[in-house]
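These notes are about the structure you will find just below.
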2 protein chains.
Amino acid sequence: MASIKDVAAEAGLSVATVSRVLNGHPSVSEDARRRVTDAVERLGYRPNAVARSLRTDQTRTLGLVISDVMNPYFTELARSVEEEARALGYSVIIGNADERPDLQDHHVTTLLDRRIDGLLVSPTDGGSPGMLGAARAGTPMVFVDRWIPGVDVPVVRSDGTAAVRDLVAHLYGLGHRRLAIIAGPAATTTGRERVDAFRAALAAYGLELPDAYIGQGDFQAGSGRRVTEGFLDLAEPPEVVFAADNLMALGSLDAVRARGLRVPDDIGLAAFDDIPWFVHTDPPVTAIAQPVRDLGRAAVRALVDRIEGRPGESVTLPARLVVRRSCGEPETERPPSPSPVRRSTP
Amino acid sequence: MASIKDVAAEAGLSVATVSRVLNGHPSVSEDARRRVTDAVERLGYRPNAVARSLRTDQTRTLGLVISDVMNPYFTELARSVEEEARALGYSVIIGNADERPDLQDHHVTTLLDRRIDGLLVSPTDGGSPGMLGAARAGTPMVFVDRWIPGVDVPVVRSDGTAAVRDLVAHLYGLGHRRLAIIAGPAATTTGRERVDAFRAALAAYGLELPDAYIGQGDFQAGSGRRVTEGFLDLAEPPEVVFAADNLMALGSLDAVRARGLRVPDDIGLAAFDDIPWFVHTDPPVTAIAQPVRDLGRAAVRALVDRIEGRPGESVTLPARLVVRRSCGEPETERPPSPSPVRRSTP
DNA sequence: ATCCTCCGTGTAATCGATTCCACAAGGAGG
DNA sequence: CCTCCTTGTGGAATCGATTACACGGAGGAT
């Protein structure tokens, strides 16, 4: 592969001049500029990003470590992050932690070894050593979705308390009183917050959240199934189950169906995180939707701000309730809406 | 951040010796080895992968350019690719082409600029200039899922002809005769092959595939909707629509529902690519499942073989039909099966 | 005409690793 | 006791870029 030296030779100039042309440095004669671009063209030369990074100490690359790629919520997040990063002239390398702290650490160290300019993390746990180290070492960093209290890093997330309140109001209005939740891991902020928000909302209606109605999940489908089975085995099963993420809701649906029961007639179901597929499930699932695209965009902007020396602030965006049929009859009969999967095509 | 020089100073040795210890070179005294590891420990030193790559001319990184991350099929492919690559000591950088040749080219050049060791591509089109250039330039390369005829690169893919035959047999057995297809872009191999396989299978039953029953889609939900609307407007609409990927099937479902019609009573639906959500849609969708994990694994192995100087061969794995309820009554009434989303949890 | 600027260019140092080659010390063999 | 090998180590070149500094020449001011 041709190097800058080859270009210099081909153009009959020094590597310094070639480099200047390549980087749009002002003090280069028109003649030299032309000769260099011609030589580049002839040789099909492309600058070696590795060498450039070594010299300039910046890779123009962002690392994104997410908890689970197979979760549509995170897939969409990753997509919007990449989009915004590209617009800002950065590439992104995605690491999938699969909800495992050890894998998360692996990716963090790998990314740091490659000297990425900044790190976007949605931590799987309360803080693995590798991650804490990275934060302390001064690598520009931003948390998305989940975060770790006590670590001084901007957080870009969505606040679901109002939406959860709306959800409880909706359920209460439908006559439901025994409401249960499938919680996420207590080590994650989203795991804890959603339970807290739910409990608080229930309290506003004079409802309790007994321990038996709090199932411990891990944000994966399997746990949703297991917890739901436990609920159904109760002497007095809940009337509605609220899953703290979409995968656990899926598992819950499975469990209900495996018993030959039906949603929402026998038991209602609601989920945190709305995804395109919830429109098409049987029945369509009532969910709390986060503004994922905006979250990704804001996270990248905050991180790039940090990288480029600007402050880089935390952002909290509200989530909102999307009522469908999985908890009982909706208020109004609307025509089916088109799938949100659709792109910009008219 | 500490460099190898700092380690050398701390250990009271030369950088050469430090490097040898780091790389497990045999001719290093036990004493030196200990002093170096101690120094590394004290300094929290991590080798700079950028510098290393520049010197050794290898990044131990694979590039993966896929057509659409939001498509669960590709998400799963990406996941299995990363998994296998990690097992083999490689990282992977994912580029999302979003079915756009220009974006695909952008990612290919970016990846090449970073001097990745090899490229895994599922081409969006018949071959964008950047990709063809990469193939010609001798970068180790392997096609996954889709490929480009005439380019001498191993292909790892799945063969759906048998499964499509099974599908048509299933539909024929259910009494359906007017069968339509929503095709993928003609520029992609999968776009063409699936139509061809479908036509051939129909022929085996003395059935035709009239032009009016071939809708041109682009593997995105929007086109599935549009094409299906066209089918429904026909004087004699098809009895079953076969979507060449899962996203278009989703769009098709939307369109049917938007008319107030029902699947499978008013019109049947089948899809290429099985995904976890098809179990939970209303109704569950009959689909052709590819062995995605195996595909990802095989692709990485072929690529790494190429990179490390071994031949690196093409692989074709069979797809299989998964019958559900979207085309009419299934043969047997089975208890609902658990969701395939489940991980290794028992 | 002289001096000072400014412009365009080239030389060489540098980033952080790897690795070839030289070399010193020590042991074996003659 | 001398030579030869082996072993462990260090010096320095190298990968491909960027950039500080030096320098020659053109042009303007005096």
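Naming: A, B, ... by sequence-line order, numbering from 1 per chain. Bear in mind the structure is a predicted one, so any value in this text is a computation, not a measurement.
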Rounded distance (Å) that lies between atom [atom2] of [N] and atom [atom1] of [X]:
X	N	atom1	atom2	result
A:M1	D:dA17	CE	C1'	15 Å
A:R35	C:dG8	CZ	C1'	12 Å
A:H25	D:dT19	NE2	P	9 Å
A:D57	D:dG16	CG	C1'	16 Å
B:K5	D:dG10	NZ	P	16 Å
A:Q58	D:dG16	CD	P	21 Å
B:I4	D:dA12	CD1	P	17 Å
B:L54	D:dA17	CG	P	9 Å

If only side-chain N and O atoms count, and only distance matters, is there a donor-acceptor pair under 3.5 Å linking A:T61 with B:R114?
yes

A:N96 versus B:R86, side-chain donor and acceptor atoms under 3.5 Å
no

Are the side chain of A:S19 and the backbone of A:V15 linked by a donor-acceptor contact shorter than 3.5 Å?
no

Counting only N and O atoms by type, is there a donor-acceptor contact under 3.5 Å from the side chain of B:Q104 to the main-chain atoms of B:A97?
no

By the 4.0 Å heavy-atom rule, please label B:A49 as base, sugar-phosphate, or nothing.
nothing

Classify the nucleic acid contact of A:L13 as base, sugar-phosphate or nothing, counting any heavy atom under 4.0 Å across all strands shown.
sugar-phosphate

Closest to the [X] side chain, choosing from [options]:
X	options	answer
A:S3	D:dG16, C:dG10, D:dA12	D:dG16
B:R55	D:dT19, D:dC15, D:dG11	D:dC15
B:V15	D:dT9, D:dA12, C:dG16	D:dA12
B:R52	C:dT9, C:dT18, D:dT9	C:dT18
A:T17	C:dT18, D:dT9, C:dG10	C:dG10
A:S27	C:dA17, C:dG8, D:dA17	C:dG8

Judged by nearest nucleotide, the residue sitting upstream toward the 5' end of DNA chain D, A:L22 or B:P26, is B:P26

Taking only N and O in the side chain of [X], is any of them less than 4.0 Å away from OP1 or OP2 of [N]?
X	N	result
B:S19	C:dA17	no
B:N48	C:dC15	no
B:S53	D:dC15	no

C:dG8 base to A:R33 side chain: any donor-acceptor pair below 3.5 Å?
no

side-chain hydrogen bond (donor to acceptor under 3.5 Å, both in side chains) evaluation trace for B:S122 with B:S67:
CA-CA 6 Å; B:S122 148; B:S67 333; 3.0 Å; yes

Please tell me which of B:A2 and A:D31 maps to the more 5' nucleotide of DNA chain C, matching each residue to the nucleotide holding its nearest heavy atom.
A:D31

Between A:D145 and A:R157, is a side-chain contact (heavy atoms from CB on, under 4.5 Å) present by the stated rule, with each step listed?
CA-CA 4 Å; A:D145 185 51; A:R157 65 188 196 99; 5.7 Å; no

